[in-house]
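From a predicted model like this one, the values you see are computed outputs, not experimental measurements.
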Amino acid sequence: MTNCPYCPHHCDIAHGGTGICGMYTAVYDDIIERFPDYWLMVTPVSVETIPFVHAYPQAKALQISTIGCNLKCPGCVSEVLVRKPDDMGTGLRYQSAKAIIDEAEKHDCRGVIFCLNEPTVSLPSFLRVAHLAKEKGMFVGCSSNGYFSEHSLNLLLPVVDMINIGLKGRDVKNLRACGIINDQVVIQNIKKLVQAGVHVEIALMHAKGQENEVISQAKEIVSISGRIPIQIMRCMAFGDLGQEYEPSIPESELLCDQMREFASHVYLLNSPGTAYINTVCPDCGDVLSNREMYGPMGCRPVTYLDTGLCSCGYQVPLSGIASPSRYEEEGMDGGYRPTRALEFIQGIVTCLGVDDPLCAPRLWKLYLAHGKISSIHERIQKISSYYDIISEVAETVNKKDAGEELLSVMEEMKNRVSDAVKETSHPRVLYTMGYPIFSLNGGRFENQLVDVAGGNPVNRMIKRTGKPGVNLSHEEFLSLNPDWICISGLFSLPKEECITYCKTHDLMVPAITENKVIELPPSWDFGSPRWILGLMLLAQSFHPEKCTWNMDEVADQFYQRFYHISYRSVQPTRSFIKATAKISG
């Protein structure tokens, strides 16, 4: 047995075996990587996508990632990448450290950042890239759970300029569920990184009911350094987590207010439309940088004060020099967006009745090894090309008949809608995500659903685009004058809070005065084949006199047929893969 040195688990690995992460093996007395210099994603990104908010503002970096993790956190946004290294490994591509740096230079990247999975599980490969990057004068960063050994820390300190560490809370039960035996290891690593001059940003997960725990952790971080930006991530119902753990955006904003009483820089991420993502001077309250959501976990600057110096004299603690313009990624590239693409594929597989271990190797080879991930975003914006992907996946996993059955049912349901809304007037519909001022891009799939359901998607009047949308000004919102407001099922907001927000901010449009707001169920409008149910719900909402079907019965038939579960028994989940977080007892 050989002891693995890279993380606090210190797994004893037999010759040819693996440890907890599945990414290292023992060859007699040596611990070696199973997939050395093999990469999942190599793509240019903006640093705010990772996200970093106080380091190299607007800089373009090359994001690299592998697979696997040394933890197993419930609700992990990267769950699809970290659970089965044996299967996922077949989709990795070999690129030497030199080839990685050559690509960074080709794309005019200022640095290299490891993000998407845990760098500790591929540390030798990461270090080879990092050392070459430093030789070229590039910055090096990573996103990590911070649960690495002193041995790994000492290897990282000479080359890492910036690190975003996601803490897992204080509750012992939750920590054990993640696989953390001693959370003080992470705190000690943070202290040593700060002492060594590494730029550190901290991400704290806000689960409903655990506000005191988050505040306690934030105070511990501030005691290490008041210069550390603290990012609040709302807990979302991914993986096995149910929606009972999700705080609303206003609830997380209230938590930020409590934390700003003792922390200078607190940011709320994954909350479309929130102003708590902006940089605010802690002394005078001026907004120094406006940002908006950009991807599931990231953000992007809309306006930026390059020096970070407020007119009152306060200096925002920034690391690195700001770039004059921001880089915008293509499709589903960058940050944690590729996980959504992979979940989308797995969501189709679920409806085909295939167990993941049986089909994963073929899927990863098709969509990872051949570079098709970047094309998925464009292909899922139209119903016809969505159908094409279903056929493609069904053939790949040898379920052609199941694929044809799914397509036949979905097409029949779509035609039912189309026939019902013929020759109807089309109300003006604004499709939002989170707060109603965050407008989804006009070209997104959700707006095609509005079209087919007999609505007029006014989102297409907004020419700016983001990922997945942009913030609207007060004037823009009023000019759109929607008859209906639809709230996305991915990053949603309760209907009542949407109406309250509009009334509070004087955003009075017909949709608000007439109480015509639709909160889409999770995964009923994007990502999962369950969007066909969202289409029928939209049509029935816009044209109840024409669309007289019983939605509960329609949903139950679909769930029974393709998920083998009663719709009435599900616990809603935002996962594209699963139909339910858990079965109601």
Check: [X]/[Y] side-chain N/O donor and acceptor closer than 3.5 Å:
X: S216; Y: R170; answer: yes
X: D37; Y: S96; answer: no
X: R110; Y: S323; answer: yes
X: E329; Y: Q63; answer: no
X: T279; Y: Y267; answer: yes
X: Y147; Y: N189; answer: no
X: S271; Y: R234; answer: yes
X: N117; Y: T66; answer: yes
X: E213; Y: N174; answer: no
X: E118; Y: N145; answer: yes

For the [atom1] atom of [X] and the [atom2] atom of [Y], what is their distance to the nearest 0.5 Å?
X: K578; Y: Q346; atom1: NZ; atom2: CD; value: 11.0 Å
X: C235; Y: Y245; atom1: SG; atom2: OH; value: 8.5 Å
X: L309; Y: C312; atom1: CG; atom2: SG; value: 8.0 Å
X: K192; Y: L156; atom1: NZ; atom2: CG; value: 12.5 Å
X: S252; Y: L269; atom1: OG; atom2: CG; value: 11.0 Å
X: K219; Y: I224; atom1: NZ; atom2: CD1; value: 15.0 Å

Any non-hydrogen side-chain atom of [X] less than 4.5 Å from a side-chain atom of [Y]?
X: I277; Y: L268; value: no
X: V27; Y: H15; value: yes
X: M236; Y: N270; value: yes
X: I181; Y: P8; value: no
X: M293; Y: P468; value: yes
X: V302; Y: N471; value: no
X: F262; Y: I215; value: yes
X: C11; Y: Y24; value: no

Between [Y] and [X], does any NZ, NE, NH1 or NH2 come within less than 4.0 Å of an OD or OE carboxylate oxygen?
X: K98; Y: D102; value: yes
X: E33; Y: R128; value: yes
X: E48; Y: R326; value: no

Report, as yes or no, whether the 6.0 Å neighbourhood of atom [atom1] on [X] holds more than 12 heavy atoms from other residues, nucleotides or ligands.
X: Y314; atom1: OH; value: yes
X: N154; atom1: CG; value: yes
X: Q188; atom1: CD; value: yes

Evaluate the side-chain contact (heavy atoms from CB on, under 4.5 Å) criterion for residues L116 and I64: first the C-alpha distance (whole Å), next the side-chain angles of each, then the deciding distance (0.1 Å), finally the verdict. CA-CA 8 Å; L116 206 59; I64 58 177; over 6 Å; no

Is the side chain of [X] donor-acceptor paired with the backbone N or O of [Y] at a distance under 3.5 Å, no angle test?
X: T49; Y: G298; result: no
X: T2; Y: Y28; result: yes
X: Q217; Y: K168; result: no
X: S149; Y: Y6; result: yes
X: K72; Y: I20; result: no
X: S319; Y: A55; result: no
X: H206; Y: L255; result: no
X: D286; Y: L288; result: no
X: N441; Y: K467; result: no
X: N278; Y: R291; result: yes

List the atom of [X], the atom of [Y], and the distance in Å for their closest heavy-atom pair.
X: P44; Y: C109; answer: CB-SG, 4.3 Å
X: M138; Y: D161; answer: O-OD2, 4.2 Å
X: Y276; Y: C256; answer: CD2-CB, 3.6 Å
X: I249; Y: P272; answer: CD1-O, 3.8 Å
X: E201; Y: I228; answer: CA-CG2, 4.2 Å
X: F445; Y: Q381; answer: N-OE1, 2.6 Å

Run the side-chain contact (heavy atoms from CB on, under 4.5 Å) check on F35 and M23 step by step: do they pass? CA-CA 7 Å; F35 310 105; M23 293 294 287; 3.9 Å; yes

Working note: S143 + N164, criterion side chain to side chain donor-acceptor pair (under 3.5 Å); need CA distance, chi angles, decisive distance, verdict. CA-CA 5 Å; S143 179; N164 182 319; 4.7 Å; no

Do V140 and F126 pass the side-chain contact (heavy atoms from CB on, under 4.5 Å) test, and can you show the C-alpha distance, the side-chain angles, and the key distance before you say yes or no? CA-CA 10 Å; V140 174; F126 178 38; 3.8 Å; yes

With side-chain contact (heavy atoms from CB on, under 4.5 Å) as the criterion, how do D183 and L167 come out once you've worked through the C-alpha distance, each side chain's angles and the decisive distance to 0.1 Å? CA-CA 9 Å; D183 64 316; L167 299 185; over 6 Å; no

Students often mix this up, so state it plainly: with edges at 30° and 60°, are the rings of H199 and H54 parallel, tilted or perpendicular? tilted

